[in-house]
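In what follows, chains carry the letters A, B, and so on, assigned in the order in which the sequence lines appear, proteins first and then strands, with residues in each chain numbered from 1.
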Amino acid sequence: MAEVTMPARYSPHEVEERLMREWLDRGAFRAASEPSGPTYSIVIPPPNVTGSLHMGHALNGTIQDVLTRYHRLRGESALWLVGTDHAGIATQNKVEGRLAAEGLRKEDIGREAFDRRVWEWREQYGSTIINQLKRLGCSCDYDRERFTMDDAYHAAVLKVFVDLYEKGDIYRDVYLVNWCVRCGSAISDLEVEHVERADRLYYVRYPVVGADDFLTVATTRPETMFGDTAVAVNPDDPRYGRYVGMTAIVPLVGREVPIIADEHVDPAFGTGALKITPGHDPNDAEIARRHGLPGISAIGFDGLLNEEAGEFAGRDAEEARAAIVSRLTDHGLFERAEEYTHSVGTCYRCGTVIQPLLSLQWFMDMKRLAAPAIECVEDGRVGFVPDRWADVYLEWMRGIRPWCLSRQLWWGHRLPVWYCDDCSKVVVAVEAPTSCPDCGGTLRRDEDVLDTWFSSAMWPFATLGWPESTPELKSYYPTSALSTARDILYLWVARMIMMGLEYLDDVPFRSVIVHPTILAADGRRMSKSLGTGIDPLELIDEYGADATRFGLLYMSSVQDVRFSAERIEMGRNFANKLWNASRLVLQGAHPEAVPAIELATPADRWIFSRLGVVSVELAQLYESFDFAEAARLGYRFVWNEVCDWYLEMAKSRLYGDSEAERLQVSGNLLALLERITGLLHPMMPFVTAEVYRNLPRASPGEGHQGAAGAGAVGADEDAVDLLSSRFPEGDPAWADADAESGMESFIAVVAGLRSAREELGVPRGAVGRVWIVTSDPGRASALTGEPGALRQLAGCEIAGVVCDEGDVPAGRFTSVDAPGLKVLLPLEGLVDVEKERARLMGRAEKAKADVARASGKLANERFVVNAPAEVVAQEQERLAAGRAQLADIARQYRERLGEELPS
RNA sequence: GGGCGAUUAGCUCAGGGGGAGAGCGCUUCCUUGACACGGAAGAGGCCACUGGUUCAAAUCCAGUAUCGCCCACCA
């Protein structure tokens, strides 16, 4: 390798921009239409076209990219399909806002022009979020970008609507729907967000006809009384039994309505009497249905009271409340009001309080489609991660209710429904009919569009070309995994499962990953309006994409987590660590070295044994979606094992005099680094790819066991691109339990020696000639086989190895314990008596505590009888070791300090 | 009203029946030829509370408290 010039600090932005451009230019993320081998596929939860990347997208994008890159490295044909959702209300609001800035309303320009404006808007801003995904390093197949309003997609949506209509699942009916006055549209039950609100409960008197009496009802919404069609009491309520069957007068309206008995009424609530407003309350509508009562609408789609409200007609319903109460007071019909906290439905898009209104809408009955969608989760064809979400899903699915599909918007998939002006014919068809098939009359198309989620429900197959039988559909459906936030489990995930089973006769994905919600640092939701949001792009700017990804993964354990910038910083430091490790290797390596594994020393055997284990574990973690643990493992292995120990130990050979050793250790270092880049690439694509491309390579045909992805070496460009390599597999031959336990001793010895030197104030640079005391030659060889490292790291040379401490020449030593052996460090003239006394006392305390605990346990007969043999044996070992250590300390105390160890 | 999750070091979080872990922060030292976004040595926890199961509980069970989320027709 020629001169390597690498800055001491990894600078992510230059690398990220350059590599991403290269990858995109050469189509590295493109998935073949008809791949020959195994495939892997993910469809992205399509963000709103109006959207920009937030923390949830960043985490979710990272997770999906880890999976895609991992499986791509596995040699699978990996497709990560991206796209955006037309997001009916959200987008329409945005464009209406722009019109408003020009002093226009959408009605001023008309539907067609408005549609054009939306498309223009989309041209201009619709790719923002997609570009932001690129900054994160997401390896989506950008050439296959889809939009839920693409022509082909639209055709698929119409086909499904018509089909479900013909099957009888979709129907039109008058029903109480959730009406958002601000959006001017119905929304589905799932789009209603309930929020707690401090309100008042009003007690209003309804005079009973033919009795000089009245019934007092409690209501939070007196303004709905204009729609009252009954007063209800509980049938078992003794207070009111005599009134049932009589009638009452609705105050201010004067309407005479029946007094009915219904189980639903809770005698304990309020007065036990309930006014029934079927036109504006779902419960009341239910009761009215049971009793055959009519519904009256007193509030219009504009949220204003209508002519039913008499003098209040034309006033905003909620705003008129006070006036109504005051008028009731005038009539002596208002009793009192009390403070009352309850939850009110609001529009999840704009927060406006929902007005339940009777309205003619299109609905979809979900029962038929739900059955197989329940089954496929029960039998495990679709799995949830974490799996408790399966229960949440199933519970909702079992109680599923009809879905209000129609939206009174302009932006969206317009219903393929026509009404005849002349007869009452309803035509539902994919192709626009020219005239009424029954009477030849003129047809009018339904003005409404479909709920955005109706088209989203088809995302896993409509994006792959359905209903055409495309090669993509064949290759990539069902998809492999779906990663999503939990708040769209019902809105989206459940509906995709139903639609997938209905139209492809197979589940849309095998696994649903429900990733955690990232909360603001103070524990609240991250939200722009609260000012608690953190922009992931700012993190990428400050720390780099790899750091952002790593930090997000690290904190993405199974539960919700508060965002901590320290985690991202940790990722940045880690990327920098990896970068600098590669600097050490590349700058220090023998100029002719190429990746080549030759297990020559205990450290070599140890690190490759560990590499093998870690390779398997990381693969398992990626496959089981445990990304937080994968991040931890990668971090620990690279930092605490490779950098802290192997690289440090390798230095003595790397900078040593032996050319052969230098070449040999260089080969190991390069091979190790090469594999690490592959292992970490799914999580940190940029820094790993950049390091990888700097590695020297064996010339073709030279054949050595070190080249990762040896089979992939082809064109020059590919040869240096980590994306074209293979996920590193460990060689089973590397497994070496002795090397691992030997290294355990080595690390304990070095740490112990350093600690002792520190505590005793041994001057830096002083070299100690240590004796190793052990009866286990394997353990000893971990030290004797690494003399250079021992000298470098602990400042010690080995004087000799003995089985028995008695064989060590007389002298003053301090001892360091390690698994399987003990090391004696000569003290000579440099012992500080006070320090050594403190040190020995400290060790003695600990040893005594060990002995006390172990002997206590072993004295307990029930422990000895019941505990597993190995646990008892372990305790016996502890006892023995503790006693030996104590004796040892006592002896040292005597020899060194000329005192007896205080007891 | 039902359900789920959380409660571990100053902070953010792992762990999950046999001697408490990480990162940051803190103390002391170190600008040695990968890295101060670094290195070395340390300090710092009755693992929310109360009971139970067990030879053994931070870990399993029950209950309590606090926080968060979801579902529900709380007028």
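Between A/Lys651 and B/C35 there is no side-chain polar atom (N or O) within less than 4.0 angstrom of OP1 or OP2. Using a 4.0 Å cut-off, no side-chain N or O of A/Ser755 falls inside it from OP1 or OP2 of B/A41. At B/G39, one or more side-chain N or O atoms of A/Trp639 fall inside 4.0 Å of OP1 or OP2 (strictly under the cut-off).
Base contact: A/Ser343 has a heavy atom under 4.0 Å from a base atom. As judged by a 4.0 angstrom heavy-atom cut-off over every strand, A/Arg401 is placed among residues touching the sugar-phosphate backbone only. Counting non-hydrogen atoms under 4.0 angstrom, A/Arg567 reaches a base of the nucleic acid. Across all strands shown, A/Ala285 has no heavy atoms under 4.0 Å from either base or sugar-phosphate atoms.
To the nearest whole angstrom, the two C1' atoms, one in B/C47 and one in B/A58, are 4 Å apart. B/C60 and B/C24: their P atoms are spaced 29 Å apart (whole Å). To the nearest whole angstrom, the two P atoms, one in B/U8 and one in B/C29, are 33 Å apart. For the P atoms, the distance linking B/C70 with B/G63 amounts to 24 Å, nearest Å. Nucleotides B/G15 and B/A22, compared at atom P, are 15 Å apart to the nearest Å.
The six-membered or imidazole ring of A/Tyr10 lies near that of A/Trp579, with a centre-to-centre distance under 6.0 Å.
Of the candidate nucleotides B/A40, B/A22, B/G18, B/A40 has the atom nearest to the side chain of A/Glu758. If you check B/G18, B/A40, B/C13 against the side chain of A/Phe863, the one that comes closest is B/G18. The side chain of A/Pro868 approaches B/G18 more closely than any other nucleotide in the set B/G18, B/C24, B/U12. Counting only heavy atoms from C-beta on, A/Arg572 has its side chain closest to B/C37 among B/C37, B/A75, B/C35. With distances taken from any side-chain atom of A/Arg9 to the nucleotides B/C37, B/C70, B/A75, the minimum falls on B/C37. Distance from the side chain of A/Arg754 is smallest for B/A40 among the nucleotides B/A14, B/A36, B/A40. In this structure, the nucleotide among B/A14, B/C71, B/C55 sitting nearest to the side chain of A/Ser557 is B/A14.
Look at B/A62: its Watson-Crick or wobble partner, with both distances under 3.5 angstrom, is B/U50. Checking B/U12 for Watson-Crick or G-U wobble geometry (two distances, each under 3.5 Å) identifies B/A22 as its partner. The pairing partner recorded for B/G68 is B/C4, the criterion being a Watson-Crick or G-U wobble arrangement whose two distances lie under 3.5 angstrom.
Between the side chains of A/Asp189 and A/Asn178, a donor-acceptor pair is found at a separation under 3.5 Å. For the residue pair A/Asp228 / A/Thr277, a side-chain donor-acceptor distance below 3.5 Å is found, with atom types taken as modelled.
Under the 30°/60° scheme for interplanar angles, the aromatic rings of A/Phe574 and A/Trp639 are found to lie parallel.
Positionally, the nearest nucleotide of RNA chain B for A/Asn573 lies more toward the 5' end than for the other of A/Arg221 and A/Asn573. Mapping A/Val585 and A/Glu759 onto RNA chain B by nearest heavy atom places A/Val585 closer to the 5' end of the strand.
Of all heavy-atom pairs between A/Leu886 and A/Ala847, the closest is CD1-CB, 3.7 Å.
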